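In this chain, residues are counted from 1 in sequence order. Computed from a prediction, not measured in an experiment: that's the story for all the values here.
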Amino acid sequence: GEETTVDELTMDRVSQYHEIRLAEGAHRSTVFKENSLLNQVLKWGRQRGMHHREPRSIVASIRNEYEPRTRFLDPSEVTPLLAELTPRRQRWVLLAIYTGARRSAVERMEWRDVNLPNLQLLVRGTKTKRSRRHVPIPAALEAMLREVPVHARHGPLVEPWSGVAKGLKRACRRAGIEAVTPNDLRRTYASWLMQAGAEAFVVARLMGTSVEMIDKTYGHLKDDNLRSAVALLPDMGALDMGGLDMGDLDKGDAGDAGD
């Protein structure tokens, strides 16, 4: 659109930009990120003498209402999804699900990273220091890898999937399930582990992230496990109380008060 110099920028104009973007249908979290970028650019320019204005006098605040996605695949959804994909895309999805790797790391994996005798795989993540890690190869992934002829075990494990988001969305629609994104496949790995009772520090190490991030993102699944465990306790109707009723219990409590 129209070019605006730094000298022409005002807090009112920035606020007006926010309103326009929201009216266009942009998510508030997107506008928040754009606002943060503007602030960073203005700081960068000021540090290099390109202008002398204080960013805080220009950048209007906007509340971030970002809600992280919680979608992950149920095990019953995996087979229908794979049935709608070609074999090469099936390998992509299985690799993402069973390693918990980000999209970039999935497409960076090579056969030299695979240790089938020891059932280990090197994930070449780059986002953080923890991202580069060795993970165990589960049975489903081992079976897929062993199907590849020995003479073909070189180079990348999967081909790049440039339209992965749209491709997954279309496949999910054909399979009759809620759409998933590449990051939802990573979330599937963590969610299955948490639901199986894995400790947060173990899941964090497998995913190359922090325990705090695991607790923040997947802690509700651990709570579900706790509730399921407590639900196994017998209720009063299943206990043999020898004819004792709740009134008797109250009297007993009163009598014990002086002990």
Side-chain angles (χ1 to χ4, degrees), residues 71-162 164 167-168 171 180-219 221-222 224-225:
R71 168 72 168 132
F72 63 90
L73 284 170
D74 184 86
S76 65
E77 295 177 311
V78 176
T79 298
L81 173 59
L82 294 178
E84 299 299 331
L85 296 169
T86 62
R88 61 176 181 162
R89 299 313 187 199
Q90 290 175 359
R91 288 193 292 272
W92 200 105
V93 168
L94 286 172
L95 197 60
I97 289 175
Y98 284 105
T99 63
R102 296 180 176 87
R103 173 185 174 179
S104 59
V106 168
E107 298 185 348
R108 196 177 293 115
M109 293 179 193
E110 299 185 359
W111 274 101
R112 64 191 175 101
D113 302 324
V114 178
N115 185 335
L116 277 177
N118 293 323
L119 294 180
Q120 276 199 332
L121 174 65
L122 172 61
V123 178
R124 297 178 180 273
T126 59
K127 189 170 183 178
T128 67
K129 290 182 178 179
R130 301 185 186 94
S131 296
R132 183 184 172 90
R133 62 205 183 274
H134 286 89
V135 298
I137 298 175
L141 189 55
E142 178 191 1
M144 183 196 79
L145 294 171
R146 290 193 184 280
E147 286 179 357
V148 179
V150 175
H151 69 269
R153 296 178 185 178
H154 57 82
L157 288 182
V158 294
E159 299 176 18
W161 191 352
S162 59
V164 59
L168 282 173
V180 293
T181 67
N183 204 47
D184 293 339
L185 302 182
R186 170 174 164 81
R187 192 177 296 110
T188 295
Y189 180 74
S191 299
W192 287 359
L193 288 170
M194 294 293 286
Q195 288 179 324
E199 295 295 335
F201 77 90
V202 173
V203 179
R205 183 169 179 180
L206 288 170
M207 295 191 67
T209 188
S210 66
V211 174
E212 291 76 18
M213 182 60 68
I214 293 297
D215 282 335
K216 179 180 178 181
T217 308
Y218 307 101
L221 297 175
K222 201 65 162 180
D224 291 342
N225 287 346

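For the residue pair S76 and D74, a side-chain donor N or O sits within less than 3.5 Å of a side-chain acceptor on the partner.
R103 places no side-chain N or O within donor-acceptor distance of the main-chain N or O of P182, the cut-off being under 3.5 Å.
With a 6.0 Å radius and a threshold of 12 heavy atoms from other residues, nucleotides or ligands, M144 has its CE atom above the threshold. For CZ of R153, the number of neighbouring non-hydrogen atoms (other residues, nucleotides, ligands) closer than 6.0 Å is greater than 12.
Once rounded to the nearest 0.5 Å, the distance linking CD of E84 with CZ of R89 reads 15.5 Å. Taking CG from L81 and CD1 from I97, the interatomic distance works out to 7.0 Å, rounded to the nearest 0.5 Å. Between R91 atom CZ and L85 atom CG the span is 11.5 Å, to the nearest 0.5 Å. Annotation: the span from L121 atom CG to R133 atom CZ amounts to 9.5 Å, rounded to 0.5 Å. Between the CZ atom in F72 and the CE atom in M194 there is a gap of 11.0 Å [rounded to 0.5 Å].
Annotation: side chain of L168 is in contact with side chain of L185 (closest heavy-atom distance under 4.5 Å). Looking only at side-chain heavy atoms (C-beta outward), R132 and L122 come within less than 4.5 Å of each other. When side chains are defined from C-beta on, M109 counts as touching T99, because their heavy atoms get closer than 4.5 Å. The shortest side-chain heavy-atom distance between R71 and T181 does not fall under the 4.5 Å cut-off. Looking only at side-chain heavy atoms (C-beta outward), L73 and S191 stay at 4.5 Å or farther from each other. Side-chain contact between M207 and R186 is present, with at least one heavy-atom pair separated by less than 4.5 Å. The shortest side-chain heavy-atom distance between L157 and L145 falls under the 4.5 Å cut-off. Within the 4.5 Å cutoff, no side-chain heavy atoms of V106 are placed close to those of W161.
Summarising the geometry of I137 relative to N115, their closest heavy-atom pair is CD1-O, 4.3 Å, with the distance given to 0.1 Å. Heavy atoms only, all atoms of each residue included: P156 and W111 are closest at O-CD1, 4.0 Å. Annotation for Y98 and Y189: closest pair O-CE1, 3.5 Å, computed over non-hydrogen atoms. Across all their heavy atoms, P136 and L206 have their closest contact at CD-CD2, 3.6 Å.
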**Item:** side-chain contact (heavy atoms from CB on, under 4.5 Å) assessment of V180 paired with R187
**Value:** CA-CA 10 Å; V180 293; R187 192 177 296 110; over 6 Å; no

**Asked** Stepwise, does the side-chain hydrogen bond (donor to acceptor under 3.5 Å, both in side chains) test hold for E159 with W92?
**Response** CA-CA 8 Å; E159 299 176 18; W92 200 105; over 6 Å; no

